[in-house]
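Everything numeric here is computed off the predicted structure, so don't read it as measured data.
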Amino acid sequence: MKKILLFLLFSTVSLGIQAQASDDYVYGKGTDTEELKNIQMPQYPGGTKGLVKFLSQTLKYPKKAQALKAEGRVLMHFVLKSDATITDIYASDCVITSINLKKLNNLSAEEQQSIREELAKMFAKEGYRVVSKMKNWQPGYRIDETTGEKTPVNVFYTLPITFRFP
């Protein structure tokens, strides 16, 4: 049986962070390093290596996607709360990037589109399942420039996940 590889592409919390005291959470926006200097970003237990290990051990390629040799990408969004819990999980930009067309040739364009949409939903559902199983992260902090005091903050996080065959 062919081994399936999952390539996990993710950014270390959206590349730009804009911290605003009035917001419910810190969120990715822009790339100005000035915006990042007062924020200590959340960490998954074990850091990036720990996150990659967790994802590679937990993520399962949907069977129908395997059968059609479908590849795709989904962006998982969630909030890492100041108490280290994960909430508000949702998926966006769920796309099928590649599929074995030989298996779809006998289908109408509408049926092919329906299958693509179904596969994209499967990838999103799997992304949701995996994110909801994550351990609590070390929370993010806003650091006071004057006192150095750390205040826990909620952080909006985006985790792109790519499903790809070797």
Worksheet item: Side chains of Thr58 and Arg129: does their closest heavy-atom pair fall under 4.5 Å?
Response: yes
Discussion item. Just verifying a value: how many Å separate Met76 CE and Cys94 SG, rounded to the nearest 0.5 Å?
Written reply: 7.5 Å
Item to complete: Check whether any side-chain heavy atom of Val130 sits under 4.5 Å from a side-chain heavy atom of Phe54, and report yes or no.
Response: yes
Fill in: Approximate separation, where rounding is to 0.5 Å, of Ser108 OG and Gln113 CD
10.5 Å
Item to complete: Identify which one of Phe156, Tyr157, Tyr128 satisfies the ring pair (Phe, Tyr, Trp, His ring centres under 6.0 Å) criterion when paired with His77.
Response: Phe156
Worksheet item: CD1/Ile115 to CG/Leu104 distance, rounded to the nearest 0.5 angstrom?
Response: 5.0 Å
Worksheet item: Out of curiosity, does Val95 fall in the hydrophobic cluster containing Leu59 (side-chain heavy atoms, cut-off under 4.5 Å, transitive links)?
Response: no
Discussion item. I'd like to check Val74 versus Phe163 (side-chain heavy atoms, cut-off strictly below 4.5 Å). Are they in contact?
Written reply: yes
Fill in: Nearest non-hydrogen partners of Asp144 and Thr147, listed with the distance
OD1-N, 2.8 Å
Worksheet item: Is any side-chain heavy atom of Tyr61 closer than 4.5 Å to a side-chain heavy atom of Glu71?
Response: yes
Worksheet item: Between Pro62 and Phe123, which heavy-atom pair has the shortest distance, and what is it?
Response: CD-CE2, 3.7 Å
Worksheet item: With a 4.5 Å heavy-atom cut-off, do Ile89 and Met134 have their side chains touching?
Response: no
Worksheet item: Are Leu80 and Leu75 co-members of a hydrophobic cluster defined by side-chain heavy atoms under 4.5 Å apart?
Response: no
Item to complete: State, to 0.1 Å, how close Gly140 and Val155 come at their nearest heavy-atom pair, and which atoms those are.
Response: CA-CG2, 4.4 Å
Worksheet item: Rounded to the nearest 0.5 Å, how far apart are NZ of Lys133 and CD1 of Ile86?
Response: 13.0 Å
Item to complete: Look at Glu118 together with Lys121 and state whether they make a salt bridge at an N to O cut-off of under 4.0 Å.
Response: no
Fill in: Any donor-acceptor pair under 3.5 Å from Thr85 side chain to Lys81 backbone
no
Worksheet item: If you round to the nearest 0.5 Å, how far is CD1 of Ile143 from NZ of Lys150?
Response: 5.5 Å
Item to complete: Taking the side chain as every heavy atom from C-beta outward, state whether Asn154 and Ser82 have any pair of such atoms under 4.5 Å apart.
Response: yes
Worksheet item: Is there a side-chain contact between Thr97 and Thr162, using heavy atoms and a 4.5 Å cut-off?
Response: no
Practice prompt. With rounding to the nearest 0.5 Å, note down the distance linking CG in Asn105 to CG in Asn100.
Written response: 8.5 Å
Item to complete: Evaluate the side-chain proximity of Leu159 to Phe78: yes if any heavy-atom separation is below 4.5 Å, no if none is.
Response: yes
